[in-house]
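Below: one structure, written as structure tokens.
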Amino acid sequence: MSTALKQSTPEVPVPFYQPTGNEEQLFEAAWQRHLPLLLKGPTGCGKTRFVSHMAAKLGMPLYTVSCHDDLTAADLTGRYLIKGGETVWVDGPLTRAVRNGGICYLDEVVEARKDVTVVLHPLTDDRRLLPLDRTGELLEAPDNFMLVVSYNPGYQNLLKQLKPSTRQRFLAVEFNFPDPDTEADIIMRESGIDAEGARILVRIAGNIRNLAGIDLEEAASTRLLVYCATLLKTGVAFDDAIQAAIIEPLSDDRDIKTGLREAIGIIRG
């Protein structure tokens, strides 16, 4: 089974990221001391962009795996495949990062199957080992290897939680949405929209976020605001951009969508 894998290289430009605290300093300290890092925060608040930014800043390859229900330990470590009539071992993204060095980032790790976290445990203590039972290898992570995982604590249920025994193996940094001024700056930078348009979108998001956890499962993310601003910048009408980039992604419920449109209309005046 294939994994949703993206590998970046040190040659790519450093992606834009606006710090909101000391997260860059903490990441670099974890990197230097060979410590695993856990990023916690709502969907679309910048966790993945932050990891891409730091990997490029450090000049390290980045192996990004988007975790899902069917992701197994073998998808990360590797498996035997038939090639040209021969059975050959093919490393998974985690094994490649351990062999060659780099940052392995597991996005939304709680979505993966339970056997995935078992594989990670030896890499998250002072051993920094990756056992490959199928090949009989025991790989020791090099100094330039780092494990980073993320998840959204607000979107967990009883069946999908990160066990305390796993969480306590990581340094952890909590992410949230930026303050209004910073978020407006990010939206302008990413979309090219003017300051007034960015501030309107931030006010809309602020009101919607007050509903998250009550009427909405997820809040309006910075990512969605950038999408909306991008549509506005290309000339899409305001109501159409709001509908496509904010309302429809947040809910399928007709009454909730009507309520969102009414709340947004009040903000616009």
Item to complete: Please report the C-alpha distance between Leu71 and Val65 in whole Å, then the side-chain angles of each, then the deciding distance to 0.1 Å, and finally whether the side-chain contact (heavy atoms from CB on, under 4.5 Å) criterion is met.
Response: CA-CA 10 Å; Leu71 185 74; Val65 180; 4.1 Å; yes
Discussion item. Keeping Lys233 on the side-chain end and Ser191 on the backbone end, is there a donor-acceptor pair under 3.5 Å?
Written reply: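 No: the side chain of Lys233 does not pair with the backbone of Ser191.
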Fill in: Side-chain donor or acceptor of Ser150 paired with backbone N/O of Glu108 under 3.5 Å
yes
[Y] and [X], any side-chain heavy atoms less than 4.5 Å apart:
X: Val116; Y: Leu76; answer: yes
X: Leu37; Y: Val51; answer: no
X: Tyr63; Y: Leu94; answer: no

Taking everything shown except [X] itself, do over 12 heavy atoms lie less than 6.0 Å from its [atom1]?
X: Glu137; atom1: CD; answer: yes
X: Leu81; atom1: CG; answer: yes
X: Lys163; atom1: NZ; answer: no
X: Arg261; atom1: CZ; answer: yes

Discussion item. Going by side-chain contact (heavy atoms from CB on, under 4.5 Å), Phe145 matches just one of Leu139, Leu130, Leu123. Which one?
Written reply: Leu123
For [X] against [Y], the heavy-atom pair lying closest together:
X: Leu162; Y: Arg167; value: O-NH1, 2.8 Å
X: Ala220; Y: Phe177; value: O-CZ, 4.0 Å
X: Lys47; Y: Pro42; value: NZ-O, 3.0 Å
X: Thr20; Y: Pro178; value: CG2-CB, 4.1 Å

Considering only NZ, NE, NH1 and NH2 on the basic side and carboxylate oxygens on the acidic side, decide whether [X] and [Y] come within less than 4.0 Å.
X: Arg33; Y: Glu28; answer: no
X: Asp91; Y: Arg99; answer: yes
X: Arg209; Y: Glu183; answer: yes

Same hydrophobic cluster for [X] and [Y], using side-chain heavy-atom links shorter than 4.5 Å among ILVMFWY?
X: Leu260; Y: Leu231; value: no
X: Leu138; Y: Trp89; value: no
X: Val236; Y: Ile246; value: no
X: Phe238; Y: Met188; value: yes
X: Tyr17; Y: Ile186; value: no

Item to complete: Quick one: do Leu39 and Val148 satisfy side-chain contact (heavy atoms from CB on, under 4.5 Å)? Show the steps, please.
Response: CA-CA 8 Å; Leu39 309 180; Val148 182; 4.1 Å; yes
[atom2] on [Y] to [atom1] on [X], rounded to 0.5 Å:
X: Glu140; Y: Leu129; atom1: CD; atom2: CG; value: 6.0 Å
X: Asn144; Y: Asn100; atom1: CG; atom2: CG; value: 9.0 Å
X: Ile187; Y: Leu225; atom1: CD1; atom2: CG; value: 4.5 Å

Fill in: side chain to side chain contact (heavy atoms under 4.5 Å, CB included) partners of Arg169, counting only residues at least two apart
His121, Thr124, Asp125
Distance-only polar pair, side chains of [X] and [Y], donor-acceptor under 3.5 Å:
X: Thr72; Y: Asp75; answer: yes
X: Asp185; Y: Thr182; answer: no
X: Ser52; Y: Tyr105; answer: no
X: Glu24; Y: His53; answer: yes

Kindly list each side-chain donor-acceptor pair under 3.5 angstrom involving residues 195-202, sequence neighbours excluded, with atom names and distances?
residue: Glu196; atom: OE1; partner: Arg199; partner atom: NH2; Å: 3.3

Discussion item. So if I apply the side-chain hydrogen bond (donor to acceptor under 3.5 Å, both in side chains) rule between Glu190 and each of Arg49, Arg223, Gln18, which one comes out positive?
Written reply: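 Between Glu190 and the candidates, side-chain hydrogen bond (donor to acceptor under 3.5 Å, both in side chains) is satisfied uniquely by Arg49.
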Worksheet entry | salt bridge (Lys or Arg N to Asp or Glu O under 4.0 Å) contacts in which one or both residues fall within residues 237-250, not counting sequence neighbours |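 For residues 237-250: Asp239-Arg268, Glu248-Lys257.
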Item to complete: For side-chain contact (heavy atoms from CB on, under 4.5 Å), just list the numbers for Leu224 and Leu250, CA-CA rounded to whole Å, side-chain angles, deciding distance to a tenth of an Å, and then say yes or no.
Response: CA-CA 9 Å; Leu224 288 183; Leu250 287 179; 4.1 Å; yes
Worksheet item: Within 45 degrees of the axis of the six-membered ring of Phe16 and under 6.0 Å from its centre: does Arg189 put its NZ or CZ there?
Response: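 Geometry flag: set, cation within 6.0 Å and 45°.
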Practice prompt. Please work out whether the ring planes of Phe27 and Phe50 are parallel, tilted or perpendicular, with thresholds of 30° and 60°.
Written response: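 Ring orientation, 0 to 90° scale: perpendicular.
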Discussion item. Would Asp107 and Cys67 count as a side-chain contact (heavy atoms from CB on, under 4.5 Å) here? Give the steps.
Written reply: CA-CA 6 Å; Asp107 186 20; Cys67 297; 5.9 Å; no
